[in-house]
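Residue numbering restarts at 1 for every chain, and letters A, B, ... go by the order of the sequence lines. None of the values given here were measured: they were computed from a predicted structure.
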Amino acid sequence: MKYDFSQIEPKWQDIWSKDSLYTAGDRPAKDKFYMLVMFAYPSGDIHMGHFRNYIVGDAVARYQMMRGKDVLHPFGWDAFGLPAERAAIQRDLHPDDWTHRNIEISRKTLMKTGISFDWSREVISCNPDYYKWTQWIFVQLFKKGLAYRKSGQVNWCPEDQTVLANEQVVDSKCERCGTSVVKRDLTQWYFKITEYANRLIDDLDKLPDWPENLKTIQKEWIGRSRGAEIDFIIKDTGEKLPVFTTRPDTIYGVTYMAIAPESPLVDRLSLDREHREEVEAYRNAVQMRSEIERTAATGEKDGVFTGKYAINPYNREEVQLWVADYVLAGYGTGAVMAVPAHDSRDFLFAKKYDIPIKVVIHPDHFSKLDPATMDDAYTGYGVMVNSDLFDGLEGEEAVREVTEYAERKGIGRGKINYKLRDWLISRQRYWGAPIPIIHCSKCGLVPVPEDELPVLLPKTDNFKPKGRSPLADVPEFMDVTCPQCGGEAQRDPDTMDTFVCSSWYYLRYIDPKNDCLPFSKEKAKAWMPIDLYIGGITHATGHLIYFRFFQKFLKDIGWLEDDEPAKALCNHGMVLDVNGEVMSKSKGNVVSPVVLMEKRGVDIARLGMFFTAPTEREVLWSDEVVVGIEKFILNRFFPLVKDFRKSYPDLKFNFKLDALTNDDRRAYIRLNQTVKRVTDDFERLQFNTAISALMELTRDYKPDKIRNDQLNDLIILKAIQLMAPMAPHLAEEMWHRCGMQTSVFRAQWPAYDRNAVNFETVVIAIQVNGKLRGEVSVARDSEQDEVFTAVMANERIKGHLGEKEVIKKIYIKNRLVNLVVK
RNA sequence: GCCGGAGUGGUGGAAUGGGUAGACACCAGGGACUUAAAAUCCCUUGCACCAAAAGGUGCGUGCCGGUUCGAGUCCGGCCUCCGGCACCA
């Protein structure tokens with residue numbers, strides 16, 4: 001019996017499409033399930049990693065469909081951005097042409113995989129009907145003061161000739177091209193994501209179905225720390241010098257202060273000539289150092305004395321004011337109070353420059369620290385000493401008291417700081433959504449009126465990167481009149497980071513054709529939140545934070561109801577080559593799913609992927625992975641249809657166990673066990689074990705022993721249903737060969753008969769002193785006494801017991817017996 | 001350095017609330033069918049040892065200890081690998 005996938009697959013794909021099997025309604029009529037897979041870059045045809053991502057989503061979508069849910073399972077293209085633009089330039093094509101052409105190719109490939117995407121909702125982020133709303137969201141952010149311009153040091157990629165967000169810089173290199181980034185002083189657009197830092201951390205607790213490790217990564221990235229800001233005073237100028245500290249309880253141990261070299265504070269110090277020269281020389285030297293050199297935490301600390309002093313507001317003590325490389329300009333206030341006795345970095349620095357070390361915390365009431373013998377700082381909490389009226393206070397209480405004192409005296413305040421920086425979203429590239437702002441010399445920054453959106457990206461030949469925005473050299477784009485005063489004005493020449501486009505696509509899917517709104521609130525209310533979101537962990541600190549931020553913002557301005565966009569998140573493992581290496585074009589080790597699909601069929605490829613490892617684990621892919629599963633499908637599973645007896649049983653019927661022969665009863669119980677196992681496995685996305693359960697069912701199914709025709713047919717039909725989410729074409733074909741008229745995906749997911757998941761007899765393990773010594777077969781749920789009688793009759797057990805005394809008997813029903821002997 | 005996660009046969013992996021470790025596969029070996037091969041089917045397959053055999057014994061989930069009648073699973077201490085953060089005051 002031949003499984004002719006090349007004929008079967010297109011046949012069903014065609015029928016499913018004609019029957020609109022995957023088309024979701026505007027509002028779900030019953031229980032809904034929003035199944036989302038990550039937005040795809042159309043920078044090349046799809047590869048094994050995409051394939052894996054999408055088949056997992058597909059299996060879930062189909063399973064939920066069969067469970068009777070209304071399923072929304074959309075797909076779309078993250079079509080703006082560097083990868084697409086770079087690919088286009090390499091081929092000497094316009095990004096617009098190349099992107100759309102490539103989407104065509106990739107879409108065709110995807111359609112061949114039979115994935116249940118609702119293509120009627122496809123979204124392409126570089127099309128004006130989409131980026132109109134990306135711009136609309138920008139305007140909303142701008143109106144709330146959450147989109148703003150500021151100047152400062154930014155990361156610049158010399159290769160891509162554009163600025164990058166913090167999240168796009170990995171190990172001081174451009175995440176995309178690997179070029180070392182440099183710092184530049186530029187005025188750029190930012191989204192004030194820091195405003196949401198607290199909620200972005202706290203709301204993680206509302207997400208029990210997100211992976212723990214991902215939540216930890218996000219928490220650390222946002223990096224919340226609680227402490228206090230304390231105002232020191234610069235002697236002579238009298239200027240306030242606020243510093244952030246998590247340890248106000250060490251305030252009396254401050255022996256110097258340090259300012260970041262880049263900090264503008266340094267310029268305002270009015271240094272004497274000698275010190276000014278030294279400080280400037282130091283600042284220049286620091287500028288020359290590479291980012292890597294500077295951030296190597298193990299590296300030497302160095303700095304230069306400014307000749308100035310700062311006054312500690314608690315004890316009026318004057319301490320030296322230094323400029324030091326280890327202080328970061330971008331965190332806190334760009335200056336620190338240094339407590340060498342209780343901070344390791346300050347300790348190293350003080351040792352190097354012979355600055356006093358003053359102990360103000362003792363670990364407890366009995367031990368004392370001696371600065372002369374310390375070889376590192378003591379950084380734990382302890383008892384405050386040498387601290388005036390605070391002496392004797394301990395730990396967090398000490399922190400609280402010192403902070404409250406500052407607030408009372410107006411010399412400081414409690415403060416929470418974050419590592420998270422605002423999100424730099426402007427790019428000096430062509431291929432992105434134009435920033436909808438007009439620069440007017442009279443009115444300043446004026447947002448493009450909403451009824452004039454979108455600001456169309458002109459299809460110019462002037463798109464190559466050159467270090468400044470290509471659009472700046474397109475006068476017909478740049479020159480406009482100011483919407484407020486009507487005077488001559490200029491458009492903003494920058495485009496938005498693609499991560500902006502991909503921060504709200506999940507909402508556009510809900511209402512993809514809406515001309516008047518980004519999406520309808522009612523439809524969003526009906527479909528949101530996303531029930532399961534599947535994608536790689538690579539987006540942990542980027543997209544997966546950004547899209548949570550957008551959700552919260554849109555909720556705040558009344559467009560959404562939930563704090564969080566996605567209830568559950570699944571990170572699938574990577575697909576590597578046989579040697580465990582990442583597949584990449586440059587290495588030439590990319591395995592395309594297309595070749596495999598053409599050779600063995602989509603469903604075999606899918607099952608091979610599912611069977612080889614659980615979803616979250618990485619997979620070393622080779623074609624051998626499909627060998628076992630292919631044999632199973634071709635020789636065992638597909639041929640089940642020829643054993644079908646056309647009795648057409650009611651799929652909801654539960655047999656009475658007494659009415660069945662022994663063999664039939666066993667087969668019936670086996671079936672119900674399998675339904676239960678596969679259902680449980682689907683709930684936790686463990687497709688590998690679902691497949692092995694079906695293999696066992698098939699192995700144990702012996703048609704010549706089954707007397708009851710309805711039972712026989714029930715087994716076959718339910719096995720097909722259980723297989724359907726993973727191997728849709730195969731299952732649909734088998735379903736119809738058994739004479740079923742409607743789609744297997746419209747049939748209800750099998751329920752199991754609760755009275756028939758256990759056999760009447762169980763095999764119980766017999767242990768002596770915890771060691772397995774034999775087995776005994778007894779009736780299910782037997783009482784302790786009967787079981788022990790059987791155990792004691794066992795010859796092998798007798799041998800092990802010998803003359804010894806049984807001092808304890810343990811009986812776990814239906815599992816084991818343990819005899820403790822002496 | 002800090003924070004997560006993981007270490008199970010030759011390989012991919014099972015074991016879902018402490019309860020028969022190795023399900024289901026791959027690979028390998030043996031056999032059947034065949035003129036032969038492929039395909040297919042059947043058997044063996046954690047390691048070591050004892051036995052002619054039936055079978056039995058010991059060891060075994062990274063290492064060392066603990067709790068328990070019983071530990072892959074819980075606790076403590078290490079080792080290795082992977083991921084994240086990395087001068088964040």
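- Proximity note for A/I217 (side chain, C-beta onward) versus B/rU57, B/rU40, B/rG84: the nearest is B/rG84.
- Residues forming a ring-ring contact (aromatic ring centres under 6.0 Å, His included) with A/F5 (at least two apart in sequence, or on another chain): none.
- Ion pairing between a basic and an acidic side chain is recognised when a charged N comes within 4.0 Å of a carboxylate O; A/R413 and A/D231 show such pairing.
- When the side-chain nitrogen and oxygen atoms of A/Y326 are compared with OP1 and OP2 of B/rA89, none of them lie within a distance under 4.0 Å.
- Between the side chain of A/K301 and the base of B/rC87, a donor-acceptor pair under 3.5 Å is found.
- With P as the reference atom, B/rA39 and B/rA28 are 11 Å apart, rounded to whole Å.
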Under 3.5 Å for both distances, Watson-Crick or G-U wobble, that's the pair rule; now give the dot-bracket for RNA chain B, with | marking pairs to another strand and [ ] for crossing ones. (((((((..(((......[....))).(((((.......))))).(((((....)))))..(((((..]....))))))))))))....

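- Within the 4.0 Å cut-off from OP1 or OP2 of B/rG56, not a single side-chain nitrogen or oxygen of A/R773 is found.
- Looking at A/Y418 and A/N198, their side chains do bring a donor and an acceptor atom within 3.5 Å of each other.
- Note on A/N688: a side-chain N or O is less than 4.0 Å away from OP1 or OP2 of B/rA14.
- Electrostatic pairing of A/E616 and A/R684 does not count as a salt bridge here, judged by no charged N lying under 4.0 Å from a carboxylate O.
- Base orientation of B/rG9: syn (glycosidic angle within 90° of 0).
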